[in-house]
There are 2 protein chains.
Amino acid sequence: MKKTVLVFGLLIIALLILFNISKRTYLSGDTSIEIIIGIIALVFFFIGVYINKRSLHKEIPKPITVNHDKIKELNISNREYEVLCEIAKGLSNQEIAAKLFVSESTIKTHVSSILVKLNAKRRTQAIQISKELHLLPF
Amino acid sequence: MKKTVLVFGLLIIALLILFNISKRTYLSGDTSIEIIIGIIALVFFFIGVYINKRSLHKEIPKPITVNHDKIKELNISNREYEVLCEIAKGLSNQEIAAKLFVSESTIKTHVSSILVKLNAKRRTQAIQISKELHLLPF
DNA sequence: AGAATTTTGGTACTTTAGTATGAGTGAAAT
DNA sequence: ATTTCACTCATACTAAAGTACCAAAATTCT
């Protein structure tokens, strides 16, 4: 915020200076007004480039994209997807069961069908595959 | 490349048009030269912003950053790091052993010490933690 | 309402993961 | 030269993960 104010202040000052230069040149009878305009155009062009670069640098890092279509395509149900997310967070079956208020048996059932649907042999592989397919929001 | 040429062509045309306008205004005795200069400055300022945005949009997606300092800080050895990477790829201990030409016992030893150093209870948690700490190149 | 699907849960079993402990080897540092 | 450390491997064990098979509720769809 402070930087923005500073930059715009400098911009106004630059504009005033250029005004004065152009006025003095105009009064002194120098007719090369095109050159002055060209310089002004160039200077403000680069000012534009600079400011834009500054503002873009501190922008949104990632617009998290979850591939919902792929999830449907693989016939992964809502509950299974929830379990998949918890697996990716590094939780054990027991912990997932506690978090989702169901038995560990249920989680095992879900995990097994997830592995089949993702064509994975292990939960770690399921994590890798689901990240590759952008199924996870992180 | 074609776009760049096009944009610069348009820039030159714009510049010429502005020259003509300013000249005509000058010749017609209108003394509001400052306004014209201001308009030119503004126009080129936004042209600069626009071009910069264009060029930045198709930039490097990610400059993969591995936090080597953190790896050293956690006392993770070279071999352990190799194993960690394979874990993150979803391989089993047996598969890692085959890939690195050592016994499964050795891998188990490495995995155990990795878990201790990363303060993880499971390999899936180790994956999550090491991603959070940017220890992995993917 | 009836059918289909999802979600839930159980038992019994196999496989993989992880711990604990001990130990041999080679390379590098002191 | 001896100590330190990374790497290796083994055995024995416990814990967790995963499979197979079945089946009852709960939801959703028609």
Side-chain angles (χ1 to χ4, degrees), chain A residues 66-133 135-136, chain B residues 66-133 135-136:
Chain A
V66 176
N67 194 341
H68 295 283
D69 299 324
K70 196 76 193 175
I71 296 171
K72 280 182 186 171
E73 196 185 316
L74 293 169
N75 287 312
I76 294 173
S77 72
N78 286 8
R79 204 57 164 167
E80 283 164 2
Y81 181 67
E82 281 185 83
V83 173
L84 177 60
C85 289
E86 301 305 326
I87 288 174
K89 286 176 190 165
L91 301 192
S92 68
N93 289 339
Q94 211 173 52
E95 288 170 336
I96 298 171
K99 196 168 182 179
L100 301 185
F101 304 106
V102 292
S103 77
E104 198 187 331
S105 285
T106 306
I107 301 301
K108 282 189 177 186
T109 306
H110 288 318
V111 171
S112 280
S113 55
I114 289 170
L115 294 183
V116 171
K117 289 172 182 180
L118 287 179
N119 196 27
K121 289 175 192 163
R122 284 161 294 283
R123 49 168 58 209
T124 51
Q125 203 181 0
I127 294 173
Q128 196 268 328
I129 291 170
S130 56
K131 289 211 176 180
E132 221 166 47
L133 299 178
L135 305 186
L136 301 171
Chain B
V66 176
N67 195 342
H68 295 283
D69 300 324
K70 196 75 194 175
I71 295 171
K72 281 182 186 172
E73 195 185 316
L74 293 169
N75 288 313
I76 294 173
S77 73
N78 287 8
R79 204 56 165 169
E80 284 164 0
Y81 182 69
E82 283 184 81
V83 173
L84 178 58
C85 289
E86 301 306 325
I87 288 174
K89 286 176 191 165
L91 301 192
S92 68
N93 290 340
Q94 212 172 50
E95 289 169 337
I96 298 171
K99 196 167 181 181
L100 301 184
F101 304 107
V102 292
S103 79
E104 198 188 330
S105 286
T106 306
I107 300 302
K108 281 189 178 186
T109 307
H110 287 319
V111 172
S112 279
S113 55
I114 288 170
L115 293 183
V116 170
K117 289 172 183 179
L118 287 179
N119 195 26
K121 289 177 192 162
R122 284 163 294 283
R123 49 169 58 211
T124 50
Q125 203 182 359
I127 294 173
Q128 196 267 327
I129 291 170
S130 56
K131 289 212 176 180
E132 222 166 46
L133 298 178
L135 305 185
L136 301 171

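Labels below follow one simple rule: chain letters A, B, ... track the order of the sequence lines, proteins then strands, and each chain is numbered from 1.
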Requested in this report: Give the rounded distance in Å between these two atoms: CG of A:Asn78 and C1' of D:dT28.
Outcome: 12 Å
Query raised in the report: B:Lys108 has a side chain; which of C:dG18, C:dG10, D:dT19 sits nearest to it?
Result: C:dG18
Query raised in the report: Hey, does the side chain of B:His110 come within less than 4.0 Å of D:dT8's phosphate (OP1/OP2), counting only N and O?
Result: yes
Query raised in the report: Are more than 12 heavy atoms from other residues, nucleotides or ligands located less than 6.0 Å from atom CD of A:Gln94?
Result: no
Query raised in the report: Does a side-chain N or O from B:Ser103 land closer than 4.0 Å to OP1 or OP2 of D:dA10, or not?
Result: yes
Requested in this report: Look at B:Ser112 and C:dT19 and indicate whether a side-chain polar atom (N or O) is within less than 4.0 Å of OP1 or OP2.
Outcome: yes
**Report entry** Most 5' of B:Thr124 and B:Val102 on DNA chain D, judged by nearest nucleotide
**Finding:** B:Val102
Query raised in the report: Are any of the side-chain nitrogens in A:Glu86 or A:Arg123 under 4.0 Å away from the carboxylate oxygens of its partner?
Result: no
Query raised in the report: Please walk me through it: do B:Ile76 and B:Leu118 pass side chain to side chain contact (heavy atoms under 4.5 Å, CB included)?
Result: CA-CA 9 Å; B:Ile76 294 173; B:Leu118 287 179; 4.1 Å; yes
Requested in this report: Measure from the side-chain heavy atoms of A:Arg123 and tell me the nearest of C:dT7, D:dA17, C:dT8.
Outcome: D:dA17
Query raised in the report: Hey, does the side chain of A:Asn93 come within less than 4.0 Å of D:dA16's phosphate (OP1/OP2), counting only N and O?
Result: no
**Report entry** Side-chain N or O of A:Thr106 closer than 4.0 Å to phosphate OP1/OP2 of C:dT8
**Finding:** no
Requested in this report: Kindly point out which of D:dA17, C:dT11, C:dT6 is positioned nearest to the side chain of B:Arg122?
Outcome: D:dA17
Query raised in the report: Between C:dT7, D:dG18, C:dT8, which nucleotide has the shortest distance from any of its atoms to the side chain of A:Thr109?
Result: C:dT8
Query - Salt bridge A:Lys117-A:Glu73, side-chain N to carboxylate O under 4.0 Å - result: no
**Report entry** Interatomic distance, B:Ile114 CD1 vs C:dT19 P [rounded to whole Å]
**Finding:** 11 Å
Query raised in the report: Do any side-chain nitrogens or oxygens of A:Arg79 fall under 4.0 Å of OP1 or OP2 in C:dT8?
Result: yes
